[in-house]
Structure formats: C-alpha cells, structure tokens
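Atoms considered below: every heavy atom in the structure, side chains included; atoms not considered: hydrogens, waters and symmetry mates.
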Amino acid sequence: MALSISTPTSSPLHPASRQVGRWSPLARSAKPVSFSLRGSPLAARAAAGNAPTSPVDEVVTELDAVAGFSEIVPDTVVFDDFERFAPTAATVSSSLLLGIAGLPNTKFKSAIDTALADGECNALEKPEDRMACYLTKALANVGAELAQQVPGRVSTEIDARLAYDTQGIIQRVHELLNLYNQHDVSSDRLLFKIPATWQGIEASRLLESDGIQTHLTFVYSFAQAAAAAQAGASVVQIFVGRLRDWARNHSGDSEKDEALKKGEDAGLALAKKVYAYIHRNGYKTKLMAAAIRNKQDVFSLLGIDYIIAPLKILQSLEESVTDPDVKYSYVPRLTPAIGKTYEFTEEELVKWDQLSLAATMGPAAEELLASGLEGYANQARRVEELFGKIWPPPNV
C-alpha cells in the first residue's frame with residue numbers, strides 16, 4: 001500500500017532535497033492501494049508555504065488539502081513487489097522480519113538467510129547470544145536492501161529488551177551502524193527508533209551529540225517528550241489515540257484528568273502542549289502523532305510535523321472531494337506561534353533528569369510504556385524462536 005505525500009524540505013525522515021514520502025512499518029501480503037499527490041497544485045503551493053485554495057475547475061480531495069499542512073505518514077504495510085509499489089522511506093523491525101519469514105518468495109528472504117549463515121554469529125557459544133546476533137544482522141541486512149530500494153531514510157528498531165540499558169542501546173546502535181557501513185549505507189540515511197525510557201532518552205542525547213539521528217517512541221507524557229526534546233531527539237512520537245483510550249477508562253493521572261476537566265481530548269492536548277514546548281524553546285525535534293482514530297483527529301492536528309494515519313482514514317480522505325474554501329476551514333491548528341502564548345508552569349520548564357521524569361510521568365505513561373515494551377520484546381523473542389527453528393538456512 002502506498003501513499004505519496006509531499007515532504008517538507010530537510011525532513012528528518014528524508015534527505016534535504018524535496019522528496020515524496022511513504023512510511024512503511026510492517027510487511028504482509030496484500031493488494032496494494034495507491035494514493036498520490038505527485039504534481040498536485042496544492043502540494044506545490046504547500047511546499048512554497050502557501051495555504052491551499054481551490055480553483056473552480058480543480059478537483060481537490062481532503063487528502064490534498066490536509067497534506068498542505070502536515071506530512072501524512074501511512075500506517076500501513078510494505079509489499080514485496082517493489083516494481084509495482086516503490087516506497088521512498090521504510091522501517092525495519094522485528095514485525096517486518098516476521099512478515100518476511102512468512103512470505104516464501106519475498107526478495108528479502110535471502111537477507112535473512114545470509115544473516116543466519118553469518119560466521120561471527122555461528123561462533124558464539126551461548127544460544128541466546130547467537131540468536132541476538134542473528135537478529136541484529138538480519139535487521140541490518142534487510143535495512144540495507146531497503147536502502148537500495150528507497151531514496152529516503154531507513155529507520156531501524158532497537159530491541160525493546162534494551163530499553164533500560166543506556167550503554168546497551170548505544171552499543172546496539174553502533175553495531176547496526178557498522179553493519180550498515182559494510183553495506184555502504186551512510187548514517188545520514190538512518191534513524192534509530194528507541195523507547196522513551198529515561199535510559200533511552202539518555203542514549204538519544206549521547207547518540208545525537210555524535211550526529212546519529214534518533215526517533216523516540218512510546219511517548220505518553222509531557223515529561224517524556226520534554227526530556228526527549230532537551231536531549232535533541234530528531235523525532236518524538238506521541239500516540240494520541242492510545243492516550244484517549246486510556247483516559248476514557250481510567251482516572252488518577254493528573255495530566256490527563258486536567259485535560260478532561262478543560263473539555264479537551266487527552267491525546268490531542270498532549271500533542272498541542274509538546275508542540276508548543278518545542279517551538280517555545282527552539283528545539284530541533286520534529287513531532288509525530290500516531291494512533292490516529294478518525295479524520296477529525298487529522299484535522300485537529302494540522303500543522304504538526306507528521307501524522308501517522310491508518311489506511312482506512314487515508315482512503316476516506318482521498319475519496320472525499322472538497323472545496324477547501326467552503327466545506328472545511330483548512331487551517332493549521334498547530335503553529336510555531338503557540339510556543340509564545342502557551343502557558344507552562346515553572347515545574348514544566350525545568351531541566352529534566354531521571355528523578356523528575358520518574359516523579360512526573362504519571363500512571364498512563366507508565367502503564368502504556370510498559371505495555372508497548374512488552375509487545376515489542378515479545379516480537380523480538382518470536383523472531384529469535386523462529387530463527388532457532390530454521391537455522392541453518394538452506395542454500396546459503
């Protein structure tokens with residue numbers, strides 16, 4: 001499934017030249033559905049910094065309109081047929097490896113087989129070390145293959161089992177960087193997706209200081225996002241819908257309860273607050289909103305750097321022909337100017353450290369972070385179990 005969206009200049013997800021971008025987190029066999037804004041007059045005007053308008057004779061979709069304000073990132077799948085579907089950016093993860101392993105004729109299968117035949121990994125005595133080595137090699141091998149297929153960046157997931165080990169995260173990133181270097185993939189084409197624990201945030205700070213771009217995920221609180229921005233993370237990802245779901249079924253989290261008292265959606269309120277904080281302080285961090293539940297979420301987040309939207313929402317936006325001057329007021333809801341007007345408490349403007357983060361995260365972030373880490377760790381274990389069953393690979 002493909003989505004072509006005009007990408008802002010010098011995006012952390014793409015090289016500095018203007019690109020058309022797609023985000024591809026998973027692998028699965030399915031019939032591709034394409035969306036395209038290539039050559040769109042609205043997209044061209046958006047790139048020039050102008051709000052979209054609708055000439056009488058121009059057919060405009062809602063997707064055209066919203067893409068003028070934020071980069072719309074599809075939460076969708078990668079397909080093996082790159083001649084039919086050619087994404088321009090990609091993510092490599094345990095989920096992707098599981099998907100590849102389940103497709104017998106995928107062009108990436110040889111990348112996994114080569115990893116399983118690696119002599120360095122085979123020489124390790126402990127089975128757990130050997131499987132971890134295979135996993136790292138497979139991620140890099142598949143990532144390198146993707147880098148040959150896409151002009152944009154390849155984001156590589158860091159093992160969630162390292163989430164509370166700063167040095168372990170840094171070591172794994174450098175191992176992956178070394179492997180990518182062996183495949184002639186330069187570091188400026190790479191992002192590393194790291195859980196937003198304090199240890200992950202600290203790893204991000206150290207890696208970014210060396211020019212290595214990081215993408216902090218599982219962000220569910222202002223404290224996490226603020227600490228990540230202070231650390232210099234290239235991308236921070238907030239899960240809007242998951243926070244909304246939590247707030248509807250729980251209480252006792254002061255940050256989320258305060259948003260509800262104001263009549264605000266807990267997830268959207270956090271995205272707005274973090275966006276304001278980033279621009280108030282001039283941080284380089286780009287903000288990504290994920291777990292989008294409906295079109296209204298997209299409209300409410302216009303102006304944020306990236307919106308990860310499910311395919312059904314993108315289809316609905318694409319199928320809705322609209323006159324932006326009449327049907328909707330397509331205006332950015334988030335602009336850098338809110339950084340000057342948003343009111344923060346003194347406690348929120350502190351220099352965040354491990355103790356202040358732990359004291360302020362709140363039960364929603366603690367619970368959702370733990371759940372996300374468990375899910376990612378289970379996926380990594382499933383990959384290793386699968387590798388153990390199919391090792392040694394045939395025909396290598």
(request) Walk me through it: do Leu349 and Arg280 pass the test side-chain contact (heavy atoms from CB on, under 4.5 Å)? (result) CA-CA 10 Å; Leu349 296 176; Arg280 179 190 187 278; 3.6 Å; yes
(request) Just do the side-chain contact (heavy atoms from CB on, under 4.5 Å) check on Ser93 and Gln379 with the steps written out, would you? (result) CA-CA 9 Å; Ser93 64; Gln379 287 180 339; 5.8 Å; no
(message) Evaluate Leu301 against Ile292 for side-chain contact (heavy atoms from CB on, under 4.5 Å), listing each step before the verdict.
(response) CA-CA 10 Å; Leu301 289 163; Ile292 301 302; 3.6 Å; yes
(request) Take Tyr180 and Thr156, measure what side-chain hydrogen bond (donor to acceptor under 3.5 Å, both in side chains) needs, and give me the verdict at the end. (result) CA-CA 11 Å; Tyr180 277 118; Thr156 306; 2.7 Å; yes
(request) Let me see the working for Asp297 and Asp265 under side-chain contact (heavy atoms from CB on, under 4.5 Å), right down to the final yes or no. (result) CA-CA 10 Å; Asp297 282 348; Asp265 176 273; 5.6 Å; no
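Taking all atoms of both residues into account, the shortest heavy-atom contact from Gly388 to Met131 is N-SD, 3.7 Å. Between Pro195 and Leu216, the shortest heavy-atom distance links the atoms O-CD2, 4.0 Å. A pairwise comparison of heavy atoms in Leu373 and Ala163 identifies CD2-CB, 3.7 Å as the closest pair.
Residues Lys193 and Val235 are not in side-chain contact: their nearest non-hydrogen atoms beyond the backbone lie 4.5 Å or more apart. Residues Phe69 and Leu334 form no side-chain contact, since every pair of their non-hydrogen atoms from C-beta on lies 4.5 Å or further apart. Side-chain contact between Leu190 and Leu176: absent, with no pair of heavy atoms (C-beta onward) separated by less than 4.5 Å. Here the side chains of Phe222 and Thr360 are not in contact, with every heavy-atom distance at 4.5 Å or above. The shortest distance between side-chain heavy atoms of Arg244 and Leu268 falls below 4.5 Å. Using a 4.5 Å heavy-atom cutoff, the side chains of Ile112 and Phe387 are in contact. Looking at Ile169 and Phe192, their side chains never come closer than 4.5 Å, going by heavy atoms from C-beta outward. Between Thr166 and Trp198, the closest side-chain pair of non-hydrogen atoms is not below 4.5 Å.
Between Gln171 and Gln167, the side chains place no donor N or O within less than 3.5 Å of an acceptor N or O (distance only, hydrogens not considered). Under 3.5 Å, the side chains of Thr61 and Asp64 contain a donor-acceptor pair of N or O atoms. Using a 3.5 Å distance cut-off with no hydrogens or angles, the side chains of Ser356 and Asp353 do pair a donor with an acceptor.
Aromatic ring pairs are classed by plane angle as parallel below 30°, tilted from 30° to 60° and perpendicular above 60°; the pair Trp246 and His250 is parallel. In this structure, Tyr220 and Phe218 have parallel ring planes: the angle between them is below the 30° cut-off, well short of the 60° mark. In this pair, Tyr283 and Tyr277 present their aromatic rings tilted. The plane angle is within the 30 to 60° band.
No donor-acceptor pair under 3.5 Å is formed between the side chain of Ser70 and the backbone N or O of Leu302. For Asn181 (side chain) and Leu177 (main-chain N/O), no donor-acceptor pair under 3.5 Å exists by modelled atom type. Side-chain N or O atoms of Thr197 include none that pairs as donor or acceptor with a backbone N or O of Tyr164 at under 3.5 Å. Proximity of a side-chain donor or acceptor of Arg130 to a complementary backbone N or O of Leu124 within less than 3.5 Å is detected. Glu208 places a side-chain N or O within 3.5 Å of a backbone atom of Ser234 that can act as its donor or acceptor partner. With Asp129 contributing its side chain and Glu125 its backbone, the two residues share no donor-acceptor pair below 3.5 Å. Under the 3.5 Å distance criterion, the side-chain polar atoms of Gln224 are matched with a main-chain donor or acceptor of Ala196. The main-chain N or O of Ala291 is never found under 3.5 Å from a side-chain atom of Arg242 such that the two would form a donor-acceptor pair. No donor-acceptor pair closer than 3.5 Å links the side chain of Thr114 to the backbone N or O of Ala111. Ser187 places no side-chain N or O within 3.5 Å of a backbone atom of Ile212 that could act as its donor or acceptor partner.
Annotation: the span from Asn141 atom CG to Ser110 atom OG amounts to 8.5 Å, rounded to 0.5 Å.
No salt bridge links Glu264 with Lys272; every basic N to acidic carboxylate O contact stays at or beyond 4.0 Å. A salt bridge links Arg205 with Glu202: at least one charged nitrogen is closer than 4.0 Å to a carboxylate oxygen. Between Arg382 and Glu385 there is no salt bridge, since no side-chain N of the basic residue sits under 4.0 Å from a carboxylate O of the acidic one. A salt bridge links Glu384 with Arg161: the distance from a Lys NZ or Arg NE/NH1/NH2 to an Asp or Glu carboxylate oxygen falls below 4.0 Å.
In terms of hydrophobic clustering, with Ile, Leu, Val, Met, Phe, Trp and Tyr side chains grouped at heavy-atom distances under 4.5 Å, Val154 and Val185 are assigned to a common cluster. Placement of Leu260 and Ile238 in two distinct hydrophobic clusters is found when ILVMFWY residues are connected by side-chain heavy-atom separations under 4.5 Å, directly or transitively. Cluster membership check: Ile100 does not share its hydrophobic cluster with Leu179, using side-chain heavy-atom separations under 4.5 Å among Ile, Leu, Val, Met, Phe, Trp and Tyr.
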